[in-house]
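The block underneath contains the structure these notes are about, expressed in structure tokens.
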Amino acid sequence: MNVYAIFADHVREAIAALVEEGAVPAGLDVSRVVVEPPRDQSHGDLATNAAMVLAKEARMKPRDLAERIAGKLAATPHVAKVDVAGPGFINLSLDAAFWPKVLSFALMAGLDFGRSGLGAEEAVNVEYVSANPTGPMHVGHCRGAVFGDALARLLAFAGFSVTKEYYINDAGAQVDVLARSAFLRYREALGEEIGAIPDGLYPGDYLVPVGRALVAAHGPALKAMEEGEWLPLVKGFTIDAMMAAIRDDLDALGIDFDVFFSERSLVSAAADKVGTTIEALRTSGEVYEGRLPPPKGAPIEDWEDREQTLFRSTDFGDDVDRPLKKSDGSYTYFAGDIAYHKDKVERGFLKMIDVWGADHGGYVKRMQAAVKAVSAGKATLHVELIQLVRLFRNGEPVRMSKRAGSFVTLRDVVDEVGRDAVRFMMLFRKNDAPLDFDLAKVLEQSRENPVFYVQYAHARAKSILRNAFEAFPKLPEEPAAYADARLDRLDDEGELGLLKRLASWPRVVEQAAAACEPHRIAFYLHDVASDFHAQWNRGKDLPYLRFIMENDEELTMARLALVQGVAAVLASGLKVLGVDAVDEMK
RNA sequence: GGCCCCGUAGCUCAGCUGGAUAGAGCAAGUGCCUUCUAAGCACUAGGUCGCAGGUUCGAGCCCUGCCGGGGUCGCCA
């Protein structure tokens, strides 16, 4: 029940009625007509820009058009007052019975309040994390992971049919290095003195257990083999071990996937999907053999001008055409990624979202070009870039030295501050802005810590309800039972403000989903918490505003309906973010 | 040098896809609370939205050009 969407329909009906009467020209484009809450409360409950947006096309003055639309809207149910203001805004004031009805609806819907049909069950593929299986996840991965997961939850809540996907980069040179590194640990586990880990291999001691496991599985047999023989064995074994560790780490963050897609599976002996993809593009003229100019900027030492296999990404807005094969004849990462996205298209996804680190920004245009090419222009790829996280503890940067093989792992952070704090803070910032994450501050129990502030609001709501049930043992516990409380008795300014805030939840969901911006949910929840805490505090000075009025069960019940609504919206929103809504703070 | 992202109060950031007088928190200042509904509350002050043009009824938001910060620039993923 998105009241803004409902009234946007009313506005469009009003315009249609005027067209019917011949009062305004037919065929107006109403796509830009919106109904929103006015910035200033004194302007009423709802405002629409309809007259200003349509004035030019209708060849009328905005205010004249506004007057006519306003005349029609005056007859709409629940509209108490219509004003034309400013350059041509139409401001609507609703009657006192309206907002309580939204609360009743919300209480009936419970956690489903805010759920939207916006997506119309359209299939969306959200690909995120896709960390290389060459080691445990570190903090750098975690923002993208949380963002992708929250975005997937948000889109699902907004009515899309979402598939969450992880692309395992298990085919490149990196995983060969991984295998050699693991083999060294294997020899070590057999008692050999291996000394310092050579440059170019992964030094982290997370491979030590893998070495031991290889001994357990194969004994000393691998040692007698040539590299060509043991490498595939060790590689597969180690990747499996790394992916198991990564899944554990993701699980600690509350993240799971519908599909783990292996890059290796694209180039298996049975079917070279990369090759067939490239040849198909060659047939359609998007792939050719040619030469590239040397890259501008920092000179590349071993640049050689050679004829190579290129994808014509410039046809789709990219800056240069992009190579598909390395000088040794193997495919570039890009070539595999094209085949992978083609596979997604073939699985029926015309809407794809990839979540990448901001350092991959230069890759966006070519991938979007490729998606256009492999889908005959039918599919779209949105790429959300995630900026860096800087880790602090009490304001001091937490240094990590990757060179020594010791970095702050995702697991370290989750163990230190908890899943909820990590998730909420990762979402309490626009994804395209860098984020400072302070391990000490997120554990503070104060207003400055948004995680605590929001969770505490939910706990406080539950606490009020517990207290109320003691004062009035006959009161029902389930929220839906409050839907027909005497909500007309909610007449305080703060109560009405909170009511309207709750009523805007469905709109927030739709806008956040349309913009692929889960952080809006986090900020909205913070606003709800803020309104709620403020109302609670007002009861300190003004006892007649307290939620529990021991001498007035009817009023108490009405206010508890509001508290139930707050708890439901907070719980619903936190669920979208993947954060627990706790019933009490410890 | 090309491309991408960012620039909003002293600090950290929102700003609802172009709407009305640009908002929070922290810090600062002034009061209040010293007890209950659990870890404070209310008020005040604080702004040339990097700069300059443009688009239109209207721009923090869109376009162009500068300035500043970050990222990236065959055969890494």
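Being a predicted model, the structure only gives us computed values, none of them experimental. Numbers restart at 1 for each chain; the letters A, B, ... are given by sequence-line order, proteins then strands.
A:N49 and A:E36 form no side-chain donor-acceptor contact under 3.5 Å, judged by distance and modelled atom types alone. Side-chain contact annotation: A:Q174 with A:Y202, donor-acceptor N/O pair under 3.5 Å present. Side-chain atoms of A:R447 and A:Y453 form a donor-acceptor pair, as typed in the model, at a separation below 3.5 Å.
Relative ring orientation between A:F523 and A:H519 is described as perpendicular, the plane-to-plane angle rising above 60° on a 0-90° scale split at 30° and 60°. Ring orientation note: the planes of A:F428 and A:H526 are tilted relative to one another, at an angle of 30° to 60°.
By the 4.0 Å N-to-carboxylate-O rule, A:R393 lies too far from A:D438 to be salt-bridged with it. Checked for salt-bridge contact, A:D354 and A:K344 meet the test: a charged N lies under 4.0 Å from a carboxylate O.
Within the structure, every side-chain polar atom (N or O) of A:K540 is placed at least 4.0 Å from both OP1 and OP2 of B:C33. Under 4.0 angstrom from either OP1 or OP2 of B:U56 there lies no side-chain N or O belonging to A:K56. Residue A:R63 places none of its side-chain N or O atoms closer than 4.0 Å to OP1 or OP2 of B:C57. Contact between the side-chain N/O atoms of A:Y456 and the OP1/OP2 oxygens of B:A39 is found at a separation under 4.0 Å. Here A:K326 reaches the OP1 or OP2 of B:A77: one of its side-chain N or O atoms lies under 4.0 Å away.
Set against B:A14, B:C75, B:A39, the side chain of A:K430 has B:A14 as its closest nucleotide. Taking the side chain of A:F523 as heavy atoms from C-beta on, and the options B:G40, B:C13, B:C5, the nearest nucleotide is B:C13.
Each of A:Q308 and A:S446 was assigned the nucleotide of RNA chain B with the nearest heavy atom; the assignment lying further toward the 5' end belongs to A:S446. Each of A:H519 and A:A358 lies near RNA chain B, and the nucleotide nearest A:H519 is the one positioned closer to the 5' end.
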Can you give me the N/O atom pairs linking the protein to nucleotides 19-28 of chain B at distances under 3.5 Å, or say none if there are none?
residue	atom	partner	partner atom	Å
B:A20	OP2	A:R39	NE	2.4
B:A20	OP2	A:R39	NH2	2.8
B:A20	N6	A:N91	OD1	2.6
B:A20	N1	A:N91	OD1	3.3
B:A20	N1	A:N91	ND2	3.0

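In this structure, A:G172 reaches the sugar-phosphate backbone alone: every heavy-atom distance under 4.0 Å involves primed, P, OP1 or OP2 atoms, never a base.
For the pair A:R507 and A:Y4, the cation-pi criterion (under 6.0 Å, within 45° of the ring axis) is fulfilled. A:F532 does not carry A:R460 over the face of its six-membered ring by the limits of under 6.0 Å from the centre and within 45° of the normal.
In this structure, A:F428 atom CZ and B:U12 atom P are separated by 16 Å, rounded to whole Å.
In RNA chain B, runs of at least 3 stacked Watson-Crick or G-U pairs (N1-N3 plus N6-O4 or O6-N4, or N1-O2 plus O6-N3, all under 3.5 Å) give these stems: B:1-7 with B:67-73, B:10-13 with B:23-26, B:28-32 with B:40-44, B:50-54 with B:62-66.
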